[in-house]
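Please read the structure below before turning to the comments.
Just so it is clear: chains get the letters A, B, ... in the order the sequence lines come, proteins before strands, and each one is counted from 1.
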Amino acid sequence: MNYDFTKIEKKWQDKWEAEKPFTAFNDSVKQKYYILIEFPYPSGIGLHIGHPRPYTAMDIVSRKKRMMGYNVLFPMGFDAFGLPTENYAIQNKIHPADVTRENIKRFTSQLKMLGYSFDWSRCVDTTDPDYYKWTQWIFLKLFEHDLAYKAFIPVNWCTSCKCVLANEEVIDGACERCGAEVVRREKSQWMLRITKYAQRLIDDLDEVDYVERVKVQQRNWIGRSVGAEVDFKATTGDTIRIFTTRQDTLYGATYMVISPEHSLLQKWTSENPDEIRAYQEAAAKKSDFERTELNKDKTGVEIKGIKAINPVNGDEIPIFISDYVLASYGTGAIMAVPGHDSRDWEFAKKFNLPIIEVVSGGDVENEAYVDCDTGIMVNSPLINGLNVEDAKVKMNKWLTEQGLGEEKVNYKLRDWVFSRQRYWGEPIPIVECEKCGYVALPESELPLVLPDVKNYETTETGESPLASMIDWITTACPKCGGPAKRETDTMPQWAGSSWYFLRYADPHNNTALASKEAINYWTPVDWYNGGMEHTTLHLLYSRFWHKFLYDIGVVPTSEPYLKRTSHGFILGEDGEKMSKSRGNVINPDDYIAEFGADTLRLYIMFIGDFEKTAPWSYKAVKGCKRFLDRVWSLASGELDGQATSIDDISVDHEAAIHRTVKKVGNDIETLKFNTAIAALMSLVNDFYALPPKKADIRMLLTMLSPFAPHIAEELWELQGFDGYASEQNWPQYDESKTLDADIEIAVQIMGKLRGTIIVPLDSDDDFIIEAAKKDEKIAKNIESKEIIRTIVVKNKLVNLIVK
RNA sequence: GCCGCUGUGAUGGAACUGGCAGACAUGCGUGACUUAGGAUCACGUCCAAAACGGGUGCAGGUUCAACUCCUGUCAGCGGCACCA
């Protein structure tokens with residue numbers, strides 16, 4: 001009988017569909033284990049080969065955890081709001097909801113064809129009003145706690161999507177999604193105060209088990225730096241507050257720079273207003289990208305007729321505007337210390353400004369002395385002779401005493417721009433009342449359902465398609481009953497995914513986002529695997545929302561995910577990133593049809609280190625198919641012996657089986673799926689060398705079932721074993737049985753391998769040394785030499801040191 | 001510029017905590033079975049093969065022993081970046 005994977009896979013998938021063996025229970029006595037993968041965006045092109053890598057990995061973990069006796073929650077859903085669907089809808093004149101429904105259908109059937117053990121009864125869809133009701137509810141809570149606010153600010157505007165982007169969505173000055181240029185626009189936008197959580201988002205990383213690169217990247221993004229804010233007086237009488245991390249170098253400040261957008265500029269009358277206005281206008285026109293691109297050539301304009309006064313020595317110093325100072329960081333103003341900052345140094349050279357050395361050890365005439373931690377303060381009466389660190393401490397104290405400033409921590413993290421001028425997103429449940437300002441809709445009016453519109457396109461003025469729905473916009477203020485207008489922007493794609501893992505705990509609840517009991521039972525997520533590309537987007541956003549929900553008592557823990565791992569991308573056969581234009585895209589459907597889902601699952605895990613990128617190889621897929629063919633021909637025939645427990649396995653294979661149980665089990669827990677599969681292949685090779693008994697095959701199928709569940713169940717049934725392979729206990733190994741009775745150990749002379757000997761397991765040192773000396777090859781090597789030292793590593797090797 | 005990661009056969013990749021480098025797979029080679037083989041099975045496959053030889057990006061060091069630890073250096077990938 002042949003391995004007819006098409007028939008077998010259909011058979012078992014139908015069975016799982018009917019019997020639902022992978023349902024998670026909210027009232028189980030078993031220990032819970034919550035495994036999460038990032039739910040996909042159901043795009044029109046269907047499942048991509050990148051999807052099955054994390055899904056298969058976590059499916060294997062889920063299946064193994066179930067076999068270990070856990071009540072496993074392994075859910076799936078769809079993050080379905082977003083631009084591609086909207087664009088497709090615009091082009092084809094279909095409602096985005098219809099497109100979404102079709103895409104979800106297709107994704108679901110593709111996922112089912114891969115045999116994943118999802119609990120489909122908990123499937124969620126972020127575009128379902130029953131779901132986004134709670135996304136809106138959380139937004140209202142944020143608004144209530146002053147964490148959502150509307151502000152007129154310069155924003156990132158994607159010229160192609162015609163939409164505002166969050167900082168996290170801008171990559172090298174271009175749109176993260178479409179690659180088009182991002183320009184600066186002033187717009188009134190809803191914002192979320194993620195910055196209020198910056199410190200906790202850093203601190204709590206110490207509490208969770210995330211792979212290090214994720215922690216590093218988040219810390220990097222939040223960008224904490226410790227310094228001080230210091231007030232400089234201007235000759236106009238105004239105060240200019242600056243932020244610096246080098247308060248020790250205050251005596252070296254020979255000029256100031258403020259950003260072209262600084263508010264004081266509106267107030268001041270300088271001697272050169274035209275020059276200043278021209279510079280401001282030029283800076284405003286530049287995109288962020290252009291501004292950073294020009295970083296070699298420093299530009300700026302002095303504000304003539306106005307000076308600043310250095311608070312430490314009373315010196316009058318000039319003030320410049322320059323776009324190397326950002327309005328959005330710190331206070332938008334800096335003191336410039338050309339002696340110890342390379343940007344200031346460059347600027348000072350160009351504009352012929354004085355350079356004062358305040359930390360000794362460098363040569364400030366030739367270049368800024370920046371890495372001067374080991375230097376000693378000079379030319380700084382208050383702190384001369386101190387090292388840099390002590391100087392900072394003393395300076396902080398002095399600034400506080402004088403009322404001139406204080407120690408201050410700054411973050412690169414910006415508040416989250418939360419409005420999108422698009423149709424296919426959650427409506428923001430806020431109205432603007434002429435009298436009361438921004439007013440929240442009452443909870444009873446949720447969900448605020450997305451209305452049908454004729455036209456899904458953003459208007460030329462950059463307004464959401466909802467802006468043309470006059471009937472919908474016009475409403476009454478919930479507070480005073482007066483005339484009010486609805487918010488026409490929608491939420492960003494990241495809204496629905498910021499809390500979806502909570503919904504899985506209790507997906508059909510219509511009185512809360514999930515019941516308290518369900519949340520308390522299932523959360524936090526035990527293991528979350530996802531892509532590195534979400535580290536400073538979804539992962540950061542959802543940690544923020546979770547912390548807020550913790551603060552208002554909705555969830556029991558301040559962190560949503562206990563453990564975070566991340567997979568590498570799969571590249572095309574040419575080693576390049578897959579893309580339509582390169583023509584190297586791999587379609588999973590083709591592989592399921594040609595080799596079957598089990599082979600695809602196996603190969604995608606065998607391809608290489610799970611955490612690294614790996615190139616696809618058609619030929620290597622065939623190797624995995626060959627392996628399953630070999631398993632099939634071994635296990636589909638008549639087999640000898642009993643097969644009721646691990647004790648029935650044959651003596652010949654005992655050590656190999658125990659070793660494999662140990663290896664496969666450990667490797668699954670540490671994401672080493674490739675070596676787990678290699679171990680199973682080795683065992684099968686052993687079985688070819690020396691025929692296995694029935695109990696040996698039973699062990700093999702048990703271990704294979706998380707990886708290749710269809711073939712494992714089929715062979716299990718064929719052999720007449722009890723129940724299903726997937727519901728067996730995960731096998732226990734006996735450490736003492738993992739080694740053969742006789743083992744080969746290496747014999748080295750002077751650290752070089754000179755031969756091997758076979759000795760009984762756990763032989764003592766003297767026995768091994770004697771056995772080594774008796775070995776023919778070794779004896780020849782050491783005759784006429786004196787052994788002066790011997791090193792024995794038990795069951796591994798012996799090293800003879802000779803003279 | 002700063003931070004992090006990675007360099008191993010023809011290829012993808014193994015190697016626990018310093019203990020036989022190259023598991024497993026691909027590819028290639030030889031043989032068997034066959035009318036046939038792009039199927040299957042068996043064997044071989046780091047280089048060199050004279051061996052007490054050489055070999056994990058490169059140059060050193062520590063050690064009885066180094067892919068693994070240390071110093072320096074080169075290359076590639078990723079993140080951050082006029083962030084004061």
> With rounding to whole Å, what would you report as the distance between B:C70 and B:G19 at their P atoms?
Replying inline: 15 Å
>> Applying a 4.0 Å non-hydrogen cut-off, can you work out what A:K412 is touching in the nucleic acid: base, sugar-phosphate, or nothing?
In response: base
> Under the salt bridge (charged side-chain N to carboxylate O under 4.0 Å, His left out) test, which residues partner A:E357, sequence neighbours left out?
Replying inline: none
>> Can you identify which nucleotide, out of B:C83, B:A23, B:A84, has its nearest atom closest to the A:R343 side chain?
In response: B:C83
Check: residues 565-573 of chain A side-chain donor-acceptor pairs under 3.5 Å, at least two apart:
from	atom 1	to	atom 2	distance (Å)
A:T565	OG1	A:W527	NE1	2.9
A:T565	OG1	A:N529	OD1	2.7
A:S566	OG	A:G530	O	2.6
A:S566	OG	A:M532	N	3.2
A:H567	ND1	A:N529	ND2	3.0
A:E573	OE2	A:Y618	N	3.2

Per-pair distances, 0.1 Å, donor-acceptor, side chain in residues 746-766 of chain A, under 3.5 Å, sequence neighbours excluded:
from	atom 1	to	atom 2	distance (Å)
A:D762	OD1	A:N795	ND2	2.9
A:S763	OG	A:P760	O	2.5
A:D764	OD1	A:F767	N	3.1

> In dot-bracket notation, what is the pairing pattern of RNA chain B, taking Watson-Crick (N1-N3 plus N6-O4 or O6-N4) and G-U wobble (N1-O2 and O6-N3) contacts under 3.5 Å, with [ ] crossing and | for other strands?
Replying inline: (((((((..(((......[....)))((((((.......))))))((.....))..(((((..]....))))))))))))....
>> Please enumerate all residues that pass side-chain contact (heavy atoms from CB on, under 4.5 Å) together with A:D206, with sequence neighbours excluded.
In response: A:R219
Considering only nitrogen or oxygen atoms on both sides, find all protein atoms under 3.5 Å from nucleotides 39-43 of chain B and state each distance.
from	atom 1	to	atom 2	distance (Å)
B:C41	OP1	A:R630	NH1	2.9

> Can you name the residues that form a salt bridge (charged side-chain N to carboxylate O under 4.0 Å, His left out) with A:D590, not counting sequence neighbours?
Replying inline: none
Pairs: protein N or O with nucleotides 67-69 of chain B N or O, under 3.5 Å:
none

> How does each nucleotide of nucleotides 4-19 of chain B score, in 5' to 3' order, for protein heavy atoms under 4.0 Å: base (B), sugar-phosphate only (S), or none (-)?
Replying inline: --------BSS-B--B
> Hey, are A:D740 and A:R659 close enough for a salt bridge, meaning a charged N less than 4.0 Å from a carboxylate O?
Replying inline: yes
> Quick one: side-chain contact (heavy atoms from CB on, under 4.5 Å) partners of A:I153, sequence neighbours excluded?
Replying inline: A:A151, A:V155, A:M191, A:V417
> Does anything in residues 616-627 of chain A pair up under salt bridge (charged side-chain N to carboxylate O under 4.0 Å, His left out), and if so which pairs, sequence neighbours excluded?
Replying inline: A:K625-A:D629
>> I'd like to know if A:K662 pairs up with A:E735 as an ion pair, taking the criterion as any Lys NZ or Arg NE/NH1/NH2 lying under 4.0 Å from an Asp or Glu carboxylate oxygen.
In response: yes
> Is it true that A:E346 and A:R343 make a salt bridge, defined as a side-chain N closer than 4.0 Å to a carboxylate O?
Replying inline: no
>> Please confirm whether the ring centroid of A:Y324 lies under 6.0 Å from the ring centroid of A:F347.
In response: yes
> Of all residues at least two apart in sequence or in a different chain, which pass the salt bridge (charged side-chain N to carboxylate O under 4.0 Å, His left out) check with A:K196?
Replying inline: none
